[in-house]
Amino acid sequence: MRVAVAGLGYWGPLLVRNLVAMPECSDLFVYDSQESRMKVMATNYPGVAAASSFDELLEDPHLDAVVLATPVETHVELASKAIAAGKNVLVEKPLATSRAEADRLIAEATESGVLVMAGHTFLYSPAVMLVTERLRSGELGDPIYVHSSRVNLGIHRSDSSVLWDLGPHDLSILLQWLGEEPVRVSATGLSSLPGRKPDVAFIYLEFGSGAIANIHLSWLAPTKLRRTMLVATRKMVVYEDTNAEEPVKIYDKGVDLPDPTSFGEHQVQYRTGDVVSPRVESWEPLRRELEHFLARVANGETPSDPERKAATIVGVIEAAEHSLRNRGVPVNIAPSWEPS
């Protein structure tokens, strides 16, 4: 396939590195508003061709797909133009900056018979996929609550808040694991720099099943931490993305209520079993994401369940942002997809 990457800031070069190594990609084109960035790509990858404008990319009748790694506020405009030109599009998270815009992109792609897909890279993490499998098998039981922390010092972005920058990662994992979307969200946070968008946020989510989740996001922390704890009715899981050797630990721990007709009906029994660090496969999630995107393009797919979930993530962040501006007032979220 002939593929183009638009946007060569932080994420764009990673996309280019993976695409040039993929046999599915026969020709690769790049574009960035800063010519110096395109020169770097041309030096590092001599087979990559640079375009003089985004429109020039779209004018190529043989171009199959466009991957957007541009600033968040440009996603909808550029993706819409690519769809109108009949190109399949992979948009790095988030898909849009409002639920209405996300739904519009999905509708436009469906009508044009092309695919618009959101780049939620953590869904392709081997550790995240392993926990998903254990949940689906019933080994862990039913989720009770999830607590997640994604914090570090920087990078402070001028084009988005910490909600839009880091939030999609944890929300995509959460929706994947729980298999349902939240029904209510509230958020608090602040900006440590006057006149800037929030760089610290706490998101609280409620789900129809009764499960709850809390997500801590911050660009203002002394250490880097990517840790998610899932507590379910049978077992508990700790997933640490920064732990290369043991990213997943499964704890056979829990609380049981004895038979209420017995003598100990008012007592709680604590169960403590083994702690297991299962073997986790090793691969680059971004490479898997690109392979999946190009496979879907080759199959002629149009937007489906993954895109509806991507739009849900945008809607949740939009609602959380509204809650944050209003001192944590809870915001109800209308259902938009059925539990998987």
Step-by-step side chain to side chain contact (heavy atoms under 4.5 Å, CB included) determination, Y31 to V5: CA-CA 6 Å; Y31 170 70; V5 174; over 6 Å; no

L220 and L153: CA distance, side-chain angles, deciding distance, side chain to side chain contact (heavy atoms under 4.5 Å, CB included) verdict: CA-CA 5 Å; L220 192 65; L153 185 59; 4.2 Å; yes

Test log, rule side chain to side chain contact (heavy atoms under 4.5 Å, CB included), inputs E101 and E77: CA-CA 10 Å; E101 290 178 336; E77 178 186 358; over 6 Å; no

Derivation and outcome, side chain to side chain contact (heavy atoms under 4.5 Å, CB included), residues V16 and L28: CA-CA 8 Å; V16 171; L28 183 61; 3.9 Å; yes

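One finds a salt bridge joining K81 and D55 here, because a Lys/Arg side-chain nitrogen approaches an Asp/Glu carboxylate oxygen to under 4.0 Å. Looking at E139 and K235, a side-chain N of the basic residue comes within less than 4.0 Å of a carboxylate O on the acidic one, giving a salt bridge. Under the 4.0 Å criterion applied to side-chain N and carboxylate O atoms, R17 and E284 are assigned as salt-bridge partners. Salt-bridge formation is not detected for the pair E318/R99: no Lys NZ or Arg NE/NH1/NH2 atom is positioned less than 4.0 Å from an Asp or Glu carboxylate oxygen. Ionic pairing of R2 and D64 is not present here: no N-O contact between side-chain nitrogen and carboxylate oxygen is shorter than 4.0 angstrom.
Among residues two or more places apart in sequence or in another chain, the ring pair (Phe, Tyr, Trp, His ring centres under 6.0 Å) test is passed with F207 by none. For E307, the salt bridge (Lys or Arg N to Asp or Glu O under 4.0 Å) partners at least two apart in sequence or on another chain are R296. Residues meeting the side chain to side chain contact (heavy atoms under 4.5 Å, CB included) test with A79, sequence neighbours left out: L68, V89, V91, L105. Scanning for side chain to side chain donor-acceptor pair (under 3.5 Å) contacts around T132 gives W177, with sequence neighbours left out. Every side chain to side chain donor-acceptor pair (under 3.5 Å) that Y239 has, sequence neighbours left out, goes to D241. Take H120 and apply the ring pair (Phe, Tyr, Trp, His ring centres under 6.0 Å) test, not counting sequence neighbours, and it matches no residue.
Panel note: side chain D60, backbone E56; no donor-acceptor pair is recorded below 3.5 Å. Without hydrogens or angle criteria, N88 side chain to L115 main chain gives a donor-acceptor distance under 3.5 Å. Of the possible polar contacts, none joining the S323 side chain to the A319 backbone as a donor-acceptor pair under 3.5 Å is found. Counting only distance, with no hydrogens or angles, the side chain of S191 and the backbone of L193 share a donor-acceptor pair below 3.5 Å. Checking side-chain atoms of S26 against main-chain N and O of M1 turns up a donor-acceptor pair under 3.5 Å. A side-chain donor-acceptor contact under 3.5 Å links N326 to the backbone of H322. Remark: the backbone N or O of V276 is not paired with any side-chain donor or acceptor of D274 at under 3.5 angstrom. Counting only distance, with no hydrogens or angles, the side chain of S149 and the backbone of R227 share no donor-acceptor pair below 3.5 Å.
In this structure the side chain of F122 never reaches within 4.5 angstrom of the side chain of D170, judged on heavy atoms. Residues R134 and V131 are not in side-chain contact: their nearest non-hydrogen atoms beyond the backbone lie 4.5 Å or more apart. By the 4.5 Å heavy-atom criterion applied to side chains, R184 and I333 are not counted as neighbours. Put simply, the side chain of I317 reaches to within 4.5 Å of the side chain of P168, judged on heavy atoms. When side chains are defined from C-beta on, L290 counts as touching L19, because their heavy atoms get closer than 4.5 Å. Counting heavy atoms from C-beta on, the side chains of V116 and L95 come closer than 4.5 Å. Side chains of I173 and R150 form a contact here, defined as non-hydrogen atoms less than 4.5 Å apart. Taking 4.5 Å as the limit, some side-chain heavy atom of I250 sits within range of a side-chain heavy atom of L140.
Of all non-hydrogen atoms in M22 and L294, the two that sit nearest each other are CE-CD1, 3.7 Å. Summarising the geometry of P182 relative to L175, their closest heavy-atom pair is CD-CD1, 4.1 Å, with the distance given to 0.1 Å. Between M129 and L123, the closest heavy-atom pair is CG-O, 3.5 Å. The minimum heavy-atom distance between P94 and V314, with the atom names listed, is CB-CG2, 4.3 Å. Heavy atoms only, all atoms of each residue included: A21 and R287 are closest at O-NH2, 3.6 Å. Looking at every heavy atom in both residues, S160 comes nearest to K197 through C-CD, 3.9 Å.
The cluster map of Ile, Leu, Val, Met, Phe, Trp and Tyr, joined by side-chain heavy atoms under 4.5 Å apart, puts V275 and V238 in the same cluster. Taken together through direct or relayed side-chain contacts under 4.5 Å among Ile, Leu, Val, Met, Phe, Trp and Tyr, V66 and F29 form part of one hydrophobic cluster. L8 and L58 end up in the same hydrophobic cluster when Ile, Leu, Val, Met, Phe, Trp and Tyr side chains are linked at under 4.5 Å. With hydrophobic clusters built from ILVMFWY side chains whose heavy atoms lie under 4.5 angstrom apart, Y45 shares a cluster with V3. Linking ILVMFWY residues whenever their side-chain heavy atoms come closer than 4.5 Å, directly or via other members, leaves L217 and I212 in distinct clusters.
In this structure, OG on S186 lies 7.5 Å from CG on L205, to the nearest 0.5 angstrom. Taking CD1 of I203 as the start and CG of L171 as the end, the distance is 5.5 Å to the nearest 0.5 Å. The line from OG of S148 to NE2 of H216 is 10.0 Å long, rounded to the nearest 0.5 Å. The CD1 atom of I106 sits 14.0 Å away from the CD atom of E111 when rounded to the nearest 0.5 Å. The distance from atom NZ of K93 to atom CH2 of W164, rounded to the nearest 0.5 Å, is 11.0 Å. To the nearest 0.5 Å, the span separating CD on E281 from OG on S125 amounts to 12.0 Å.
Between the side chains of S192 and D199, a donor-acceptor pair is found at a separation under 3.5 Å.
Heavy-atom contacts from other residues, nucleotides or ligands closer than 6.0 Å to CG of N299 number more than 12. By the neighbour-count criterion of 12 heavy atoms within 6.0 Å, atom CD of E73 is densely surrounded, having more than that number from other residues, nucleotides or ligands.
Tested against S172 for a side chain to side chain contact (heavy atoms under 4.5 Å, CB included), the candidates I313, T312, V128, T121 yield a single pass: I313.
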